[in-house]
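In this text the structure is predicted, and so the values were computed from the model without any measurement. Hydrogens, waters and symmetry mates play no part in the numbers below; they use all other heavy atoms, side chains included. Naming convention: chains lettered A, B, ... in sequence-line order (proteins, then strands); numbering from 1 in each chain.
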Number of protein chains: 2
Amino acid sequence: MAHAAPKTQPVKTAAFPGVGHDHSHCLEDALDHAGQICTDSGARLTALRRRVLELVWSGHRPLGAYDILTALKTERRNAAPPTVYRALEFLLQQGLVHRIECLNAFVGCPDPDTPHGGQFLICRDCGLSAELNDDTVDQAIRNSAAQAGFTIARKVIEIEGQCPNCQKAEM
Amino acid sequence: MAHAAPKTQPVKTAAFPGVGHDHSHCLEDALDHAGQICTDSGARLTALRRRVLELVWSGHRPLGAYDILTALKTERRNAAPPTVYRALEFLLQQGLVHRIECLNAFVGCPDPDTPHGGQFLICRDCGLSAELNDDTVDQAIRNSAAQAGFTIARKVIEIEGQCPNCQKAEM
DNA sequence: CCTTTAAATGATATAATATAACATTATACA
DNA sequence: TGTATAATGTTATATTATATCATTTAAAGG
């Protein structure tokens, strides 16, 4: 039966990067976007900042500032904590990276064109994160805050658990 | 016109503790709850743990571990970081306090009877936090995660902004 | 082009948050 | 009461983040 069981189709996992996805494309894309955004806004994407962005984008795994620093030091002997934190601060301001509070870590934003808070799924097994932007979630929160008479400045939405790939791997 | 303008009624601010609320009641309530919960589960709410819980409940403002330590040291000269972190770990496990990731701080749970993640409104002006548990938000997130094939272990939902009291104060 | 000014980076020190590891004391319970 | 386990004491150190001042680089106007 060639065209049997549609129920055995793999679960849709759009949000998480596939195991064999072409990451060089993600990286190029992120750098191109960053260049464009900074050109448009007049912000200066210096070599250092660009390099830190590349390091953040070395994968879809949120990286700690000191992880980035360690990598950076192999190229710039004089890199120090402020070197990294300043670059990250810039990248955060430009919306090019997000900070993951529950990990004290940073991850590239796949869609930096429109400012947004970001909703994150974070896998405890493999460490990968995926950014959602579900408007239903957003609206529910806006409603809830409005009912309490609260004015929102920033939303931290970080969901820890197990990603589809790691669920499969367990079986 | 004695019964004019209903539109001038104060905004409903149920979630945030009123300026003059009877906090001693909050505190007693929390301690009673804690005693009950630990008795039921067989967990040991020692004097130290109970005292740390009291300190966390000294207000509705999330406190850092070292804030708690400073307070604790006035009574126990030998208190050290592990003293506080261990007590907090216990209290977190029992669901008696929550950790606010974006502040590296801890706040008492007003409703520890049923385990829950907690959704927080955090005022940047006065530092107070209010815990929501809006099922609409919760469901939206569960849906969103399910669509991505993601299994949820823990949710971090922290909304920073301005509380109703501080909005009024600005006028 | 030069100068002035602002922005970015270098460099050093230290603050703030959190945990590891082992010793000692208290509690439960057989 | 003795023994095992849990809790706490104690010291050291890891991890994350920022303050401060010096130096270099880039931008903008004359």
Participant: Could you go through E160(A) and I152(B), starting from their C-alpha distance and side-chain angles, then the distance that decides it, and tell me whether this counts as side-chain contact (heavy atoms from CB on, under 4.5 Å)?
Facilitator: CA-CA 6 Å; E160(A) 291 182 295; I152(B) 295 177; over 6 Å; no
Participant: Do Q36(A) and D40(A) have side-chain atoms, one donor and one acceptor, less than 3.5 Å apart?
Facilitator: yes
Participant: Which is the 5'-most and which the 3'-most nucleotide of DNA chain C that has an atom under 4.0 Å from a heavy atom of chain B?
Facilitator: dT17(C) to dT27(C)
Participant: How long is the line joining CD of Q93(B) and C1' of dA6(D), in whole Å?
Facilitator: 13 Å
Participant: What is the distance, rounded to the nearest whole Å, between atom CD1 of I68(A) and atom P of dA17(D)?
Facilitator: 10 Å
Participant: Which comes earlier along DNA chain C counting from the 5' end, the contact point of F106(B) or that of R86(B), where each point is its nearest nucleotide?
Facilitator: F106(B)
Participant: Base, sugar-phosphate, or nothing for R77(B), non-hydrogen atoms under 4.0 angstrom?
Facilitator: nothing
Participant: Applying side-chain contact (heavy atoms from CB on, under 4.5 Å), run through S129(A) and L103(A) and close with a yes or a no.
Facilitator: CA-CA 11 Å; S129(A) 78; L103(A) 298 177; over 6 Å; no
Participant: Once you measure the plane-to-plane angle for Y85(A) and Y66(A), does it fall in the parallel (<30°), tilted (30-60°) or perpendicular (>60°) bin?
Facilitator: perpendicular
Participant: What is the distance, rounded to the nearest whole Å, between atom CD of E89(B) and atom C1' of dA7(D)?
Facilitator: 12 Å
Participant: Counting only side-chain N and O atoms of T46(A), is one of them less than 4.0 Å from OP1 or OP2 of dT25(D)?
Facilitator: no
Participant: L88(A) and V56(A): side-chain contact (heavy atoms from CB on, under 4.5 Å), yes or no, with the steps?
Facilitator: CA-CA 9 Å; L88(A) 287 171; V56(A) 168; 4.1 Å; yes
Participant: Taking the side chain of P82(A) as its heavy atoms from C-beta onward, which of dT18(D), dT10(D), dT16(D) lies nearest to it?
Facilitator: dT18(D)
Participant: I need the CG-P distance between L88(A) and dA17(D), as an integer number of Å.
Facilitator: 9 Å
Participant: Could you pick out which residue, D67(B) or R44(B), lies toward the 5' side of DNA chain C when each is mapped onto its nearest nucleotide?
Facilitator: D67(B)
Participant: For the base of dA17(D), is there a side-chain donor-acceptor partner from Y66(A) under 3.5 Å away?
Facilitator: yes
Participant: Check the distance between dT15(D)'s P and N104(B)'s CG and give it to me in whole angstrom.
Facilitator: 16 Å
Participant: Under 3.5 Å, is there a donor-acceptor pair linking the side chains of Q119(A) and S144(B)?
Facilitator: no
Participant: Run the side-chain contact (heavy atoms from CB on, under 4.5 Å) test on F106(A) and L91(A) for me, step by step, so that the C-alpha distance in whole Å, both residues' side-chain angles and the decisive distance to 0.1 Å come before the verdict.
Facilitator: CA-CA 10 Å; F106(A) 303 84; L91(A) 296 169; over 6 Å; no
Participant: If the helix axis at each end comes from five base pairs, how far does the helix from dC1(C)-dG30(D) to dA30(C)-dT1(D) deviate from straight, to 10°?
Facilitator: 30°
Participant: Once you round it to whole Å, what is the distance between C1' of dA12(D) and CG of N78(B)?
Facilitator: 17 Å
Participant: If I take atom CD from residue E54(A) and atom CG from residue L72(A), how far apart are they, to the nearest 0.5 angstrom?
Facilitator: 11.0 Å
Participant: Report the distance from atom OH of Y85(B) to atom C1' of dA12(D), rounded to the nearest whole Å.
Facilitator: 16 Å
Participant: In whole Å, I'd like the distance from the CG atom of L72(B) to the C1' atom of dT8(D).
Facilitator: 12 Å
Participant: Just verifying a value: how many Å separate N104(A) CG and N104(B) CG, rounded to the nearest 0.5 Å?
Facilitator: 6.0 Å
